[in-house]
Amino acid sequence: MSLSYRAVDWNRQKRFYDLTLAAFVVLACTTFAVVSWLVSPNFSAETIIIRTCAVVALSLLHIILCLGPLARLAPRFLPLLYNRRHLGVTMFFLGLIHASLALFQFHGLGDANPLVSLFTAYSRDFRAWGPGAAGWGQIPFEPFGAAALAILFVMAATSHDFWLRNLGASFWKSMHLGVYVAYGLLLVHVAYGVFQSEPSIAYPVLLGVGFAVVSTVHWLAAAKEKALDQQRHRAEREGLVDVCAPAEVSEGRGKVVLVAGQRIALFRHQGRLFATSNVCRHQGGPVGEGRIIDGCITCPWHGWNYQPEDGCSPPPFKEILSTYETRVVAGRVWVSPKPNSLGTRCEGAVVV
């Protein structure tokens with residue numbers, strides 16, 4: 001009784017996202033239904049709706065499975081990931097419409113309960129070997145789809161943040177990885193269905209293309225993550241320290257970071273990050289609290305200037321700040337705790 005359910009906060013971005021999703025679903029369903037009717041005018045309205053919902057739902061599932069790896073490959077896809085759960089719930093309801101109409105059309109007019117008929121009407125076909133067996137090619141495809149729909153139902157029913165909070169993030173995430181099990185079951189469901197009753201090669205070709213796209217983006221994302229992990233490990237072996245995200249340092253501004261117990265000033269100048277000692281050579285002022293003026297790091301205490309590339313004061317002054325190697329690895333800024341030789345010119349880490 002201590003648990004409370006909070007309705008979805010429909011902000012402007014969510015409304016736009018859902019309106020776009022609704023427009024896509026309506027357009028996709030209308031287009032496929034019209035094309036199906038033109039190509040096969042003898043199809044009943046129920047058959048066209050069954051196929052339309054199946055194709056659009058499966059298309060949404062492929063999009064859903066691609067969003068995660070695409071967001072890891074390029075941050076510009078992150079907005080599409082924002083309400084991915086809305087895509088999942090929509091996909092489930094389209095699948096439910098497909099399954100309900102198919103169950104009624106093929107199992108609802110007999111003496112047995114439609115759900116019982118789904119698993120018993122083709123009992124002989126379930127025997128893939130032995131005397132009188134139908135063979136592997138005739139194993140009924142419908143139970144695979146039913147199992148996938150059951151998994152998707154659990155995921156849709158627990159998609160709200162209420163379940164995320166009360167089930168725990170780790171368990172909730174593990175449970176929702178069941179989408180890959182559902183996807184595998186649907187691949188078998190569609191493949192067997194096409195093999196047994198569909199003369200057109202369009203469906204198997206589209207299914208193969210979809211599987212290839214999903215597999216490719218997952219492989220590319222995994223390869224990128226592996227490469228980034230290797231870069232992190234290499235930076236750690238070289239003694240560099242992860243200090244912050246590049247966005248935390250504004251252009252022309254400084255930020256003080258702690259590296260191996262010492263304060264280091266980090267500056268962004270002309271799209272590059274430079275690190276120097278945080279102690280001004282004039283009177284020990286906090287250089288990192290200053291900013292870059294006319295191309296020079298300017299101490300906030302007395303305006304003492306230093307060039308960010310080599311830490312040298314412009315002539316005729318001769319004060320020099322120690323500089324440190326900087327590197328951007330996997331979207332993070334890494335700094336070496338060991339200073340370069342005084343006056344060493346650094347190229348700086350490029351901020352992408």
Side-chain angles (χ1 to χ4, degrees), residues 17-18 20-33 35-36 48-73 77-103 141-160 163-164 172-195 198 200 202-222:
Y17 194 106
D18 286 349
T20 303
L21 172 60
F24 169 80
V25 171
V26 170
L27 179 61
C29 288
T30 302
T31 301
F32 185 83
V35 171
S36 297
I48 291 178
I49 294 174
I50 288 171
R51 294 197 172 201
T52 298
C53 289
V55 169
V56 177
L58 197 57
S59 299
L60 283 176
L61 180 56
H62 281 85
I63 293 173
I64 291 167
L65 292 176
C66 288
L67 285 181
L70 283 174
R72 292 197 296 273
L73 289 170
F77 289 104
L78 282 172
L80 298 178
L81 197 63
Y82 177 58
N83 282 326
R84 181 172 55 176
R85 283 179 281 180
H86 292 209
L87 288 175
V89 172
T90 303
M91 178 266 296
F92 165 73
F93 276 112
L94 288 170
L96 183 63
I97 294 171
H98 162 81
S100 300
L101 290 177
L103 189 66
F141 62 90
E142 292 167 319
F144 294 101
L149 188 65
I151 293 173
L152 295 175
F153 165 73
V154 173
M155 294 179 60
T158 59
S159 64
H160 194 275
W163 295 103
L164 176 61
W172 186 89
K173 179 63 176 179
S174 298
M175 182 176 66
H176 279 248
L177 287 176
V179 67
Y180 291 99
V181 178
Y183 180 57
L185 290 168
L186 287 174
L187 289 178
V188 176
H189 170 70
V190 176
Y192 263 126
V194 169
F195 177 76
E198 182 58 54
S200 173
Y203 291 109
V205 168
L206 291 175
L207 193 67
V209 170
F211 177 75
V213 170
V214 170
S215 301
T216 299
V217 294
H218 276 76
W219 179 83
L220 290 173

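Residues H62 and V213 are not in side-chain contact: their nearest non-hydrogen atoms beyond the backbone lie 4.5 Å or more apart. Contact annotation: the side chain of L87 approaches that of L67 to within less than 4.5 Å [non-hydrogen atoms, C-beta and beyond]. Counting only heavy atoms from C-beta outward, the side chains of Y180 and L65 approach each other to under 4.5 Å.
Across all non-hydrogen atoms, the minimal contact from L152 to M91 is CD1-SD, 3.7 Å. Looking at every heavy atom in both residues, L149 comes nearest to G95 through CD1-C, 3.9 Å. Between T30 and V26, the shortest heavy-atom distance links the atoms OG1-O, 2.7 Å. The shortest non-hydrogen separation linking G178 to I151 is O-CG2, 3.5 Å. For the pair Y17 and P79, the tightest heavy-atom approach, listed with the atom from each and the gap, is CE1-O, 3.6 Å. When all heavy atoms of I97 and C53 are compared, the closest pair comes out as CG2-SG, 3.6 Å.
Remark: side-chain polar atoms of R72 are not paired, donor with acceptor, to backbone N or O of A221 under 3.5 angstrom.
Once rounded to the nearest 0.5 Å, the distance linking CE of M175 with CG of L164 reads 9.5 Å. Atoms CG and CG, from L207 and L186 in turn, are 9.5 Å apart once rounded to the nearest 0.5 Å. Rounding to the nearest 0.5 Å gives a distance of 12.0 Å between CD1 of I49 and CG of L94. From T90, atom OG1 reaches atom CZ of F24 across 10.5 Å, with rounding to the nearest 0.5 Å. To the nearest 0.5 Å, the span separating CZ on F141 from CG on L185 amounts to 14.5 Å. The distance from atom OG of S59 to atom CZ of F32, rounded to the nearest 0.5 Å, is 9.0 Å.
H98 and H189 have perpendicular rings, their planes meeting at more than 60° on a 0 to 90° scale where under 30° would count as parallel.
Heavy atoms from other residues, nucleotides or ligands lying under 6.0 Å from CZ of F93 number 12 at most.
Partner of C66 under the side chain to side chain contact (heavy atoms under 4.5 Å, CB included) criterion, out of L61, V217, L80, L73: V217 alone.
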